[in-house]
4 protein chains.
Amino acid sequence: MARPLKVEDHSARRQAILEAAKACFARKGFHPTTTAEICSEAGISTGNLFHYFRSKKAIIAAIVEQQGEEAKRHLAGLADEADLYEALHGFFDLVLAMASERDFANLALEVAAEASRDPDIGALVRHNDALVREGLTVLAAAAIERRQIGPGLDATQVALGIAAMIDGLFARVAIDPNFSVQGQRNTFVLMLERFLQPKASRVLFETPLCDEAH
Amino acid sequence: MARPLKVEDHSARRQAILEAAKACFARKGFHPTTTAEICSEAGISTGNLFHYFRSKKAIIAAIVEQQGEEAKRHLAGLADEADLYEALHGFFDLVLAMASERDFANLALEVAAEASRDPDIGALVRHNDALVREGLTVLAAAAIERRQIGPGLDATQVALGIAAMIDGLFARVAIDPNFSVQGQRNTFVLMLERFLQPKASRVLFETPLCDEAH
Amino acid sequence: MARPLKVEDHSARRQAILEAAKACFARKGFHPTTTAEICSEAGISTGNLFHYFRSKKAIIAAIVEQQGEEAKRHLAGLADEADLYEALHGFFDLVLAMASERDFANLALEVAAEASRDPDIGALVRHNDALVREGLTVLAAAAIERRQIGPGLDATQVALGIAAMIDGLFARVAIDPNFSVQGQRNTFVLMLERFLQPKASRVLFETPLCDEAH
Amino acid sequence: MARPLKVEDHSARRQAILEAAKACFARKGFHPTTTAEICSEAGISTGNLFHYFRSKKAIIAAIVEQQGEEAKRHLAGLADEADLYEALHGFFDLVLAMASERDFANLALEVAAEASRDPDIGALVRHNDALVREGLTVLAAAAIERRQIGPGLDATQVALGIAAMIDGLFARVAIDPNFSVQGQRNTFVLMLERFLQPKASRVLFETPLCDEAH
DNA sequence: TATGAATGAGGATTCATTCAT
DNA sequence: GATGAATGAATCCTCATTCAT
């Protein structure tokens with residue numbers, strides 16, 4: 001173990017440490033997790049961690065940054081959809097899938113908590129958050145223009161509402177261990193659809209919005 | 001320096017410590033806050049705190065318990081409303097008011113994070129959460145029976161949806177320092193109303209759900 | 001051990017820690033000495049030290065500051081002498097006495113070394129050094145004016161020379177374990193007297209400066 | 001990557017490491033300097049250092065040994081002088097020149113400090129010191145015998161006095177950043193000449209020792 | 001009860017040294 | 001020989017908690 005690690009190897013090791021840290025943070029939270037635990041989870045020695053990350057805080061920063069990259073990637077993939085309501089719906093589905101992993105939800109909560117106390121982490125998280133909301137806003141604006149979602153909301157409100165639903169979803173997973181994303185998927189999808197009121201909701205058939213009005 | 005404090009004095013001091021702790025936790029989080037900081041904020045000596053709370057953890061437990069009491073009180077007040085949709089709406093309004101205090105939202109986030117790592121705190125938080133959802137479920141069930149909210153949702157789904165919206169709201173406050181509860185109140189109310197589809201939504205007048213259908 | 005320590009007690013404890021630290025630093029140097037060693041030497045627990053000193057560095061800073069106070073006190077006592085050459089001589093004698101304690105000399109060396117790497121300590125040491133040289137300069141100037149020391153030197157030179165002799169003396173003690181201050185006292189006194197050329201040197205009788213001139 | 005280096009290459013690299021280490025030690029001191037810093041300064045990898053020196057301590061040992069060699073060489077060159085007072089004076093001049101490099105003085109201080117805590121380094125330093133004092137003693141003895149320096153001092157005292165002056169000089173450089181060896185050269189030369197009282201001091205003409213006696 | 005000094009386990013981080021390549 | 005990743009003991013400092021007064 002001496003020749004300079006090939007770049008892939010270095011990244012792979014770094015990523016392995018990040019995965020170990022994510023597991024630990026999801027389990028115990030950022031502050032209560034010791035660097036020794038992360039090292040042990042990653043199968044490396046206590047000192048070696050610091051070849052890959054300047055500090056414990058740098059680990060959480062890297063995690064947040066990766067989450068940002070991932071979010072960017074996901075959003076980028078949606079812009080090409082013809083039906084932008086479907087695009088928003090697709091994003092929401094994606095998030096529902098991610099939220100089904102309890103570790104992922106716990107980590108999200110932990111990151112949010114850390115963001116509210118450490119200004120540097122806070123800046124990163126807010127950056128990601130702004131990124132997602134901007135992405136959603138762009139989609140929403142186009143959807144509104146094409147009348148693919150109902151009236152009564154401007155693009156910013158749509159983005160905010162979806163963001164809040166997503167946060168709420170993660171919170172439910174993190175707080176309630178009996179909560180099952182799959183079991184409650186319909187409730188959240190319904191909440192989204194009723195909020196956005198697309199011309200033709202997938203759920204509409206079962207729950208017509210205006211049936212009683214007749 | 002030996003006279004037993006009168007009960008009120010004892011409770012008052014205890015409550016003062018709780019308030020101090022809440023302020024600190026909202027500011028820095030549970031783990032990074034030291035007991036010394038809490039004592040300093042409460043204007044007592046470091047040792048004295050432990051006459052009122054067995055441990056640091058007992059403080060957060062007491063905070064969570066008080067939040068539970070408060071939630072119970074709020075919910076109890078709603079059962080008498082004639083229009084149960086209005087009752088649900090009123091609860092939501094109450095929460096919106098609480099969420100406008102950033103400290104309160106930060107504390108909620110912190111409590112949630114701690115709950116996800118400490119099983120004892122977790123149990124208390126889940127207890128509170130169950131309490132609130134049960135309260136909401138009862139209200140929702142009655143509202144559904146009286147057809148005060150629209151069809152397509154069962155009582156549990158209503159409760160879950162409202163809980164998620166509330167969590168989402170708190171998350172927005174905690175994450176985004178530019179977020180203004182008052183400024184975005186409409187978006188959240190709209191989300192609630194579209195979700196519940198009451199016969200006559202307060203917002204409906206301005207943004208009729210089915211206007212285009214005619 | 002709980003009532004606030006009386007101020008004397010606090011100072012006494014603080015001083016005890018300083019003495020312990022001085023002993024350790026003299027023995028092993030500043031960096032190689034662990035705070036645990038200091039605590040053990042002082043008979044306190046590892047954490048308690050930090051009630052008295054913010055950091056390890058603060059300990060050395062306090063030591064240097066005390067040395068400054070002491071120097072000031074010594075110099076102040078000399079200004080009243082009628083014969084200012086005697087005053088300078090007296091100061092030198094004082095230093096000779098201090099230098100006979102090997103620990104003292106080792107500590108001085110250690111402080112000087114630390115000063116050359118830590119700018120904060122450096123500033124303190126230079127402040128003390130300036131203090132001493134100023135004190136010596138004032139004495140020297142008066143002595144020169146009264147012709148109590150010989151011509152050929154200005155006051156600054158006198159001060160510098162004495163300071164260098166003192167440093168050299170300490171260095172000798174610290175470096176050479178066979179060196180005995182008492183045994184070599186005469187050499188140093190002679191060096192001083194020949195340097196200052198007072199009208200009547202105490203050593204002159206045995207070692208007339210100009211005997212060969214006759 | 002396996003060919004044995006030619007001897008010169010090996011020594012050259014070794015010497016390069018020593019120079020790098022000296023620069024680092026002068027800057028930061030022995031303990032605070034990391035082997036990684038030395039390697040970086042020397043332009044080699046962290047592991048490679050240990051092919052040339054068994055340990056970090058071995059580096060300082062080598063530095064001290066080289067200083068000893070150098071001192072020996074300098075002293076050897078002086079024995080041939082006809083006027084042994086001039087020889088002593090020349091040695092002092094040499095030292096004045098070396099002391100003008102602040103790095104050199106810092107290193108000397110650092111070495112002295114390390115010697116006082118590490119017995120092995122201490123032994124080496126004391127060996128060098130003895131060497132120099134012996135060299136000086138021999139010169140002084142011859143000078144006394146030839147009456148090239150004044151009476152009142154035996155050879156050992158002369159050696160000790162010169163050694164102390166040199167130490168004092170180095171200490172002045174290391175402690176006082178405003179101190180200029182060139183600016184204060186005269187003071188130190190005067191101290192030496194008055195101490196040794198040669199028949200014809202270079203400085204004597206300007207500052208006759210016995211002018212007042214007439 | 002109130003005080004705050006004392007305790008000491010624990011945690012992040014550093015760094016000399018090793019060793020596989 | 002050269003490399004630099006890996007090791008893990010060691011260090012400074014923090015902090016919840018105790019307890020003598």
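Heavy-atom basis, side chains included; hydrogens, waters and symmetry copies ignored. In what follows, chains carry the letters A, B, and so on, assigned in the order in which the sequence lines appear, proteins first and then strands, with residues in each chain numbered from 1. Note that the structure is a prediction, hence the values are computed from the model and not measured.
- When each of E:dT3, E:dA12, F:dT7 is scored by its nearest atom to the side-chain atoms of A:F50, the top-ranked nucleotide is E:dA12.
- Counting only distance, with no hydrogens or angles, the side chain of A:N128 and the backbone of A:Q67 share no donor-acceptor pair below 3.5 Å.
- A straight line from CD1 of B:I60 to P of F:dA16 spans 13 Å, rounded to a whole angstrom.
- What separates CD1 of B:I38 from C1' of F:dA16 is a distance of 11 Å, to the nearest Å.
- The minimum heavy-atom distance linking C:C39 with C:S45 is given by the pair SG-O, 3.5 Å.
- Toward the 5′ end of DNA chain F lies the nearest nucleotide of D:L49, the other residue of the pair A:L49 and D:L49 mapping further downstream.
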Pair assignment for DNA chain E - dot-bracket with | for other-strand partners, Watson-Crick or G-U under 3.5 Å: .||||||||||||||||||||
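- Counting all heavy atoms, side chain and backbone alike, B:E41 lies closest to B:A20 at CG-CB, 3.5 Å.
- Closest to the side chain of D:S55, out of E:dT17, F:dT17, F:dT7, is E:dT17.
- Across E:dA16, F:dG4, E:dA6, the shortest atom-to-atom separation from the side chain of D:S45 is found for F:dG4.
- With sequence neighbours excluded, the residues forming a side chain to side chain contact (heavy atoms under 4.5 Å, CB included) with B:E37 are B:K28, B:T33, B:T34, listed by chain and number.
- The CD1 atom of D:I17 sits 11.0 Å away from the CD1 atom of D:I63 when rounded to the nearest 0.5 Å.
- Heavy atoms only, all atoms of each residue included: C:L49 and C:I38 are closest at CD1-CG2, 3.9 Å.
- For the pair A:D9 CG and E:dA20 C1', the interatomic distance rounds to 14 Å; values are reported in whole Å.
- Protein atom CD1 of B:I59 is 9 Å distant from nucleotide atom P of F:dT17, rounded to whole Å.
- Here C:R13 reaches the OP1 or OP2 of E:dA6: one of its side-chain N or O atoms lies under 4.0 Å away.
- The phosphate of E:dA5 has neither OP1 nor OP2 within less than 4.0 Å of any side-chain N or O from C:N48.
- A sub-4.0 Å separation between OP1 or OP2 of E:dA16 and a side-chain N or O of D:T35 is present.
- For B:Q15, the side-chain hydrogen bond (donor to acceptor under 3.5 Å, both in side chains) partners are B:E19, B:Q66, not counting sequence neighbours.
- Remark: C:S55 engages C:K57, C:A58 in a side chain to side chain contact (heavy atoms under 4.5 Å, CB included) (not counting sequence neighbours).
- Residue order along DNA chain F, read from the 5' end via each residue's closest nucleotide, puts D:I44 first among B:K56 and D:I44.
- Within 3.5 Å, a donor on the side chain of A:T46 pairs with an acceptor on the base of F:dA9, or the reverse.
- Put simply, NE2 on D:H51 is 12 Å from C1' on E:dA20, counting in whole angstrom units.
- Contacts of residues 15-34 of chain D with DNA chain E (heavy atom under 4.0 Å): D:T33, D:T34.
- Note: A:N106 CG to A:F25 CZ = 13.5 Å, rounded to the nearest 0.5 Å.
- Along DNA chain E, the nucleotide nearest to C:G47 and the one nearest to B:G47 differ in position, and the one closer to the 5' end is contacted by B:G47.
- Under the side chain to side chain contact (heavy atoms under 4.5 Å, CB included) criterion, C:E65 pairs with C:L124, not counting sequence neighbours.
- The side chain of B:Y52 contributes an N or O atom lying less than 4.0 Å from OP1 or OP2 of E:dA2.
- A close approach under 4.0 Å does not occur between any side-chain nitrogen or oxygen of A:H10 and OP1 or OP2 of F:dA5.
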